[in-house]
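Reading through the structure tokens given below for one structure.
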Amino acid sequence: MGQILKSIGEVSIQGVSLAKSGRDILNRISFNVTHGRVGLIGRNGSGKSTLARVVCGLIKPDQGCVLIDGIDVFKDRHQALEKVGILFQNPDHQIIFPTVIEEICFGLTQQGQSKDTARQMAQAALEKFGQAGWAERSISTLSQGQRHLVCLISVLAMQPAVIVMDEPFTGLDRPTTGKLTQILREMQQTVLHISHDLEALQDADRVIWIEQGKLQMDGAPNVVLPAYMAAMDVVGGQDAFADITD
Amino acid sequence: MEKNIVIIALFAALIAALGLVPKFTLVSGIPITAQSMGIMLCGTVLGSRRGGLAVLLFLLLVALGLPLLAGGRGGLGVFGTPWAGFLFGFPCAAFVAGLIMERWRSDNIPLVAGAAAVIGGIGALYLIAVPYYMVATASGLDQALVTAMLPFMPGDLLKAVLTGYITAGLATARPESLLSRC
Amino acid sequence: MLSLTSPIKTGFHSVPVGPKFASLMIASIVLFINNTLTFQALAFGFVLGLYLWPGTAFFSVGLKMLWPLWPFVLIVFLWHLFTQDTVAGVVIVLRMFSAVAVANLVTMTSRMDDLIGLVTWAATPLRRVGLKPRILAVSIALFIRFLPVLIEKGAFLVESWRSRSTKRASWRVVVPMALLALDDAETVAEALRARGGVDLVDD
């Protein structure tokens with residue numbers, strides 16, 4: 001599943017802070033990712049999803065910035081489109097167009113490709129994933145797992161150097177998750193993988209734990225994951241449904 | 001029965017949502033609100049009766065004090081302005097648009113929906129809004145047309161065209177979703 | 001979803017909605033009967049007094065709610081200056097401000113729950129055409145429950161767009177939004193039916 005990358009994705013998160021309605025969501029987060037697959041874990045409400053969006057350039061941090069290969073992803077949206085893509089949780093909240101080929105072509109035309117070139121590239125992307133016949137398929141006829149794949153192909157077709165994935169395989173059955181995770185492992189881009197599925201992160205290159213908007217731990221999976229699980233067991237003993245306070 | 005109530009309530013909420021989703025405009029660079037297009041869509045997708053009821057429910061919630069109209073306006077006060085004729089015209093617009101979708105059985109959905117949006121969403125709407133404006137402001141037809149209709153015409157025509165495309169898009173994605181065609 | 005009820009407490013808040021609404025109807029009729037400048041000026045002064053009585057904070061919120069009327073004021077003055085009928089123009093503007101302000105006053109001083117009660121009561125004659133009060137209550141509840149959901153889904157779709165384009169999200173996202181609304185409708189109708197449905201027995 002080799003792809004010709006335009007560049008290596010080096011992510012530099014520098015002192016990112018963000019508050020909403022008086023609450024601190026992200027608090028001076030800084031870390032660098034130069035390659036490989038980095039897992040991002042944390043409780044619900046810890047700020048992971050917000051961080052994902054800041055890394056993509058969709059939200060402006062109150063302080064700090066995110067540079068990918070030197071590009072400020074919020075300030076320079078044009079360049080950011082070439083650098084980073086994001087895969088969200090629910091394909092139904094993500095897929096805009098009615099047919100597969102249109103959905104894949106969208107990002108390509110927005111990057112400046114002509115309609116014909118975009119179509120060719122989209123068809124090629126489908127073939128690479130063994131779904132050449134999907135082009136004119138209506139999204140409504142696809143299963144959830146198939147829709148997840150369409151979203152993934154749509155992002156990969158744009159050839160970003162970095163991909164952020166916000167719990168992308170939620171609600172999928174085991175075989176489908178297995179297949180999609182396999183694709184993930186073979187990707188050469190830098191991947192920031194937000195997940196509750198700790199099993200999927202066992203073989204990540206690095207795991208970062210975010211707690212209440214701050215960097216709690218950063219290291220190898222076999223170090224961070226057990227520490228996280230231990231802490232979560234403690235929390236489970238308390239009120240896991242309570243509002244998260246600072 | 002439950003299905004009808006729920007779909008009416010949800011489409012009423014859709015009209016409101018179209019005015020409240022952030023960072024979204026119908027056409028790049030042109031400041032027109034999506035809300036009146038929501039009215040047209042209720043007609044073309046839900047049909048005359050359900051579409052009309054959805055719009056009535058929306059207006060009821062505006063009257064109850066929710067800031068659902070473009071610009072965060074709402075409450076009983078909006079029904080006291082000279083433009084209240086538009087509000088009173090909205091349910092009729094949806095009804096007429098729905099009627100046309102139901103009766104004109106051509107397979108060219110974008111055309112039929114677009115025409116329904118024009119006849120209902122523009123024709124029927126201004127037939128009520130303009131005379132209301134004239135009475136409310138004691139002005140003549142010429143002033144009413146110039147100040148209450150002309151500025152909105154281009155935007156409304158655009159919305160009617162878009163309604164055609166959107167309705168067609170829904171019909172292609174899920175044919176049974178067009179309740180106006182069941 | 002926050003309603004337009006003002007958190008600033010006034011004497012009007014404790015007046016029941018029925019009489020308030022009835023007064024509004026009477027006031028609206030009265031405002032439209034008399035066309036003299038004197039009457040309209042006095043009426044407007046009176047309305048301003050109603051807003052000043054609870055204090056300056058309430059007064060300024062009330063003024064803010066009248067701001068959207070400015071295009072009309074401009075139009076009327078331009079048109080009437082052109083036809084040199086300034087007095088008529090002033091009368092129309094004053095009347096409109098009074099009518100809207102009085103209506104806004106009811107909205108600002110009434111709780112939504114009370115207004116829903118009023119509506120349900122007023123809708124009792126509609127029972128004969130099939131509108132049971134429970135249907136109205138359920139519809140309103142569904143609307144309030146699902147509006148934030150639809151807005152959120154719309155926002156996700158806009159994010160999906162913005163993550164792949166530098167242009168603002170366009171009408172294109174309305175199709176998946178409407179589909180999501182239709183899907184939600186399916187699920188919710190099932191849930192409603194599973195909980196006994198809308199009570200179709202006359203209560």
Side-chain angles (χ1 to χ4, degrees), chain B residues 1-14 16-18 20-29 34 37-38 41 45 57-58 60-61 63-68 71 73-83 136-139 143 146-147 159 162 165-166 169-170 173-174 177, chain C residues 1-5 24 28 65-66 68-69 72 75-76 79 88 92 96 99-104 106-108 110 112 115-116 119 135 138-140 142-144 146-147 150-151 154-155 158 162 167-171 173-175 177-179 181-182 184-186 188-189 192-193 197-198 200:
Chain B
M1 163 62 85
E2 282 82 14
K3 181 78 195 289
N4 279 339
I5 296 172
V6 174
I7 196 92
I8 288 170
L10 256 67
F11 262 67
L14 186 63
L18 285 174
L20 295 169
V21 171
K23 294 197 175 74
F24 157 60
T25 47
L26 285 183
V27 180
S28 245
M37 195 182 71
L41 271 174
V45 177
L57 181 61
F58 170 76
L60 175 64
L61 278 132
L64 287 174
L66 292 184
L68 302 173
R73 293 176 301 126
L76 293 166
V78 299
F79 292 92
T81 70
W83 299 293
T137 62
S139 61
Q143 181 191 1
V146 167
T147 56
K159 287 180 215 181
L162 292 178
Y165 286 144
I166 293 170
L170 288 174
R174 216 167 299 165
S177 66
Chain C
M1 172 112 253
L2 291 175
S3 77
L4 291 165
T5 316
L24 173 61
S28 306
M65 278 190 78
L66 290 177
L69 296 173
F72 179 67
I75 294 168
V76 166
W79 196 276
I92 290 175
M96 184 187 67
V100 174
V102 173
N104 282 342
V106 176
T107 295
M108 284 166 76
S110 307
M112 204 165 120
L115 289 169
I116 293 176
V119 170
I135 294 180
V138 169
S139 308
I140 294 174
L142 284 171
F143 181 102
I144 295 176
F146 281 96
L147 178 57
L150 286 181
I151 294 174
V158 169
R162 286 178 59 230
K167 302 203 196 106
R168 286 193 85 155
S170 77
W171 65 270
V173 304
V174 178
V175 176
M177 263 183 86
L179 282 174
L182 288 165
D184 279 345
E186 278 285 352
V188 174
L192 207 56
R193 252 176 259 128
V198 177
L200 299 176

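Chain letters run A, B, ... following the sequence lines, proteins first, then strands; residues in each count from 1.
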>> Can you tell me which portion of C:L24 sits under 4.5 Å from chain B's heavy atoms? Options are side chain, backbone, both or neither.
In response: side chain
>> For C:V174 and B:L162: C-alpha separation, side-chain torsions, deciding distance, then whether side-chain contact (heavy atoms from CB on, under 4.5 Å) applies.
In response: CA-CA 10 Å; C:V174 178; B:L162 292 178; over 6 Å; no
>> So for B:F79, is it side chain, backbone, both, or neither that comes closer than 4.5 Å to the heavy atoms of chain C?
In response: neither
>> So which atom in B:P67 and which in C:S3 form the shortest heavy-atom distance, rounded to 0.1 Å?
In response: CD-CA, 4.3 Å
>> Looking at chain B, which one of C:D184, C:L69, C:V175 has the largest number of heavy-atom pairs inside 4.5 Å, strictly under?
In response: C:V175
> Any idea which heavy atoms bring B:A17 and C:L150 closest together, and the distance?
Replying inline: CB-CB, 4.0 Å
>> Quick check on B:A12 against chain C: is it the side chain, the backbone, both or neither that has a heavy atom closer than 4.5 Å?
In response: both
> Who passes side-chain contact (heavy atoms from CB on, under 4.5 Å) against C:V158, sequence neighbours left out?
Replying inline: B:V21, B:K23, B:F24, C:R162, C:A169
> Could you give the distance from CG (B:L64) to CG (C:L115), rounded to the nearest 0.5 Å?
Replying inline: 6.0 Å
>> So B:L66 and C:L147, do their side chains get closer than 4.5 Å, heavy atoms only?
In response: no
> Who wins among B:P22, B:A16, B:P82 for the most heavy-atom pairs under 4.5 Å with chain C?
Replying inline: B:P82
>> Can you tell me how the ring of B:W83 sits relative to the ring of C:F72, calling it parallel under 30°, perpendicular over 60° and tilted otherwise?
In response: perpendicular
> Hey, is the main chain of B:L76 close enough, under 3.5 Å, to the side chain of C:T107 for a donor-acceptor pair?
Replying inline: yes
>> Looking at chain C, which one of B:G65, B:A9, B:G75 has the largest number of heavy-atom pairs inside 4.5 Å, strictly under?
In response: B:G65
> For C:S139, which residues count as a side-chain contact (heavy atoms from CB on, under 4.5 Å) partner, sequence neighbours excluded?
Replying inline: B:I5, B:L57, C:I135
> So which of C:A178, C:A155, C:S110 has the largest heavy-atom pair count under 4.5 angstrom toward chain B?
Replying inline: C:A178
>> Quick check: closest heavy atoms across B:G74 and C:M65, and the distance to 0.1 Å?
In response: O-CE, 4.2 Å
> If we only count heavy atoms from C-beta on, is the C:F143 to B:L60 side-chain gap below 4.5 Å?
Replying inline: no
>> Within the structure provided, determine whether C:M96 and B:T137 are in side-chain contact (heavy-atom separation under 4.5 Å).
In response: no
> What option among C:L179, C:I140, C:V188, C:V173 has the most heavy-atom pairs under 4.5 Å with chain B?
Replying inline: C:L179
> Based on non-hydrogen pairs under 4.5 Å, which of C:A99, C:A101, C:A181, C:S28 is most in contact with chain B?
Replying inline: C:A181
>> Report which part of B:L61 has an atom under 4.5 Å of a heavy atom belonging to chain C: side chain, backbone, both, or neither.
In response: side chain
